[in-house]
Amino acid sequence: ETPIHEQIKAEEDRKEAEKQAKAEAARIEAERLQVAIDGIRTMAIQAVGKTAAEIDLMRTGLASMEFTLEEFGSRAGEAVQAKQQTLATLDSLHAAAVAAEAQAEQMARDRKELEAMRAAQAERDREAQAQRTAEEQAEKARKEEEQRAAREERVRERAAFAKEQADARAA
């Protein structure tokens, strides 16, 4: 009985080892499929903060992926669903990135325009200040000339008066 019992036991052990190997292989395959599906879903998270071009590249790569029954088995539908959801998220992220980039470009153009306007205003202010300074200097020079002319006139008048007095004394 012992040799037959050992053969039965060996066959049962072999079947159990086979069963465990199949279970381990199924677990590893299920884990691989879950990692692949999670990788598809995390693409949307990875796209946050990227440029529109980078997101478009991610969209193109994901769209080209095919999920077959041979590769994904019973989870092929889940993989396709994850792909569609991620593509929809990437589409909205791409649209938001395009809008943000367009807004940033518009803001840059507006900033340049504002800087140009400020520079032009500063130039006009400098020109106006230079003109005011020139006018003030011209006015100052005119007043000094008037004062000089008035002094010369007084000197002439005094000289004429002195000459008249001298002529009157001499007469």
Handout entry: Derivation and outcome, side-chain contact (heavy atoms from CB on, under 4.5 Å), residues Gln103 and Met107
Key = CA-CA 6 Å; Gln103 184 179 13; Met107 287 174 64; 4.1 Å; yes
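- In plain terms, the two heavy atoms of Lys50 and Gln46 that are nearest each other are CE-O, 3.0 Å.
- In summary, the side chains of Glu11 and Gln7 do not present any donor paired with an acceptor at a separation below 3.5 Å, with no hydrogens or angles considered.
- Between Arg132 and Glu136 there is no salt bridge, since none of the side-chain N atoms of the basic residue sits less than 4.0 Å from a carboxylate O of the acidic one.
- From Thr133, atom OG1 reaches atom CZ of Arg126 across 13.0 Å, with rounding to the nearest 0.5 Å.
- A salt bridge between Arg27 and Glu24 is present, with a side-chain N of the basic residue lying under 4.0 Å from a carboxylate O of the acidic one.
- More than 12 heavy atoms of other shown residues, nucleotides or ligands fall within 6.0 angstrom of atom CD in Glu16.
- One N or O on the side chain of Glu54 and one on the backbone of Thr51 form a donor-acceptor pair closer than 3.5 Å.
- A distance of 10.5 Å separates CG of Leu57 from NE2 of His94, quoted to the nearest 0.5 Å.
- Rounded to the nearest 0.5 Å, atoms CG (Asp13) and CD (Gln20) are 10.0 Å apart.
- In this structure a side-chain-to-backbone donor-acceptor pair under 3.5 Å is present from Thr68 to Glu71.
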Indicate every side-chain donor-acceptor pair of residues 157-171 with a distance under 3.5 Å to a residue at least two apart or in another chain.
none

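- To the nearest 0.5 Å, atom CZ of residue Arg154 and atom CD of residue Gln147 are 9.0 Å apart.
- Between Arg32 and Glu29, at least one side-chain nitrogen of the basic residue sits less than 4.0 Å from a carboxylate oxygen of the acidic one, meeting the salt-bridge criterion.
- No side-chain donor-acceptor contact under 3.5 Å links Asp125 and Gln129.
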Handout entry: Lys143/Glu146 under salt bridge (charged side-chain N to carboxylate O under 4.0 Å, His left out): CA gap, chis, key distance, verdict
Key = CA-CA 5 Å; Lys143 285 182 181 180; Glu146 285 176 359; over 6 Å; no
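- Other residues, nucleotides and ligands contribute only 12 or fewer heavy atoms inside 6.0 Å of the CZ atom of Arg118.
- The hydrophobic cluster containing Leu93 also includes Leu33, Ile37, Ile40, Met43, Val48, Ile55, Met58, Leu62, Met65, Phe67, Phe72, Val80, Leu87, Leu90, under a criterion of side-chain heavy atoms closer than 4.5 Å among ILVMFWY residues, counted directly or through chains of members.
- A salt bridge between Glu12 and Lys9 is absent, with no side-chain N of the basic residue lying under 4.0 Å from a carboxylate O of the acidic one.
- By the neighbour-count criterion of 12 heavy atoms within 6.0 Å, atom CD1 of Ile28 is densely surrounded, having more than that number from other residues, nucleotides or ligands.
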Handout entry: Derivation of the salt bridge (charged side-chain N to carboxylate O under 4.0 Å, His left out) call for Lys15 and Glu18
Key = CA-CA 5 Å; Lys15 285 181 180 179; Glu18 220 176 79; over 6 Å; no
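- Arg111 has no carboxylate O lying under 4.0 Å from a charged side-chain N of Glu115, or vice versa, which leaves the two without a salt bridge.
- Taking both residues in full, the closest heavy atoms of Ala52 and Val98 are given as CB-CG2, 3.6 Å, listed atom of the first, atom of the second, then distance.
- Ion pairing of Glu144 with Arg148 is absent here, as no side-chain N (NZ or NE/NH1/NH2) approaches a carboxylate O to less than 4.0 Å.
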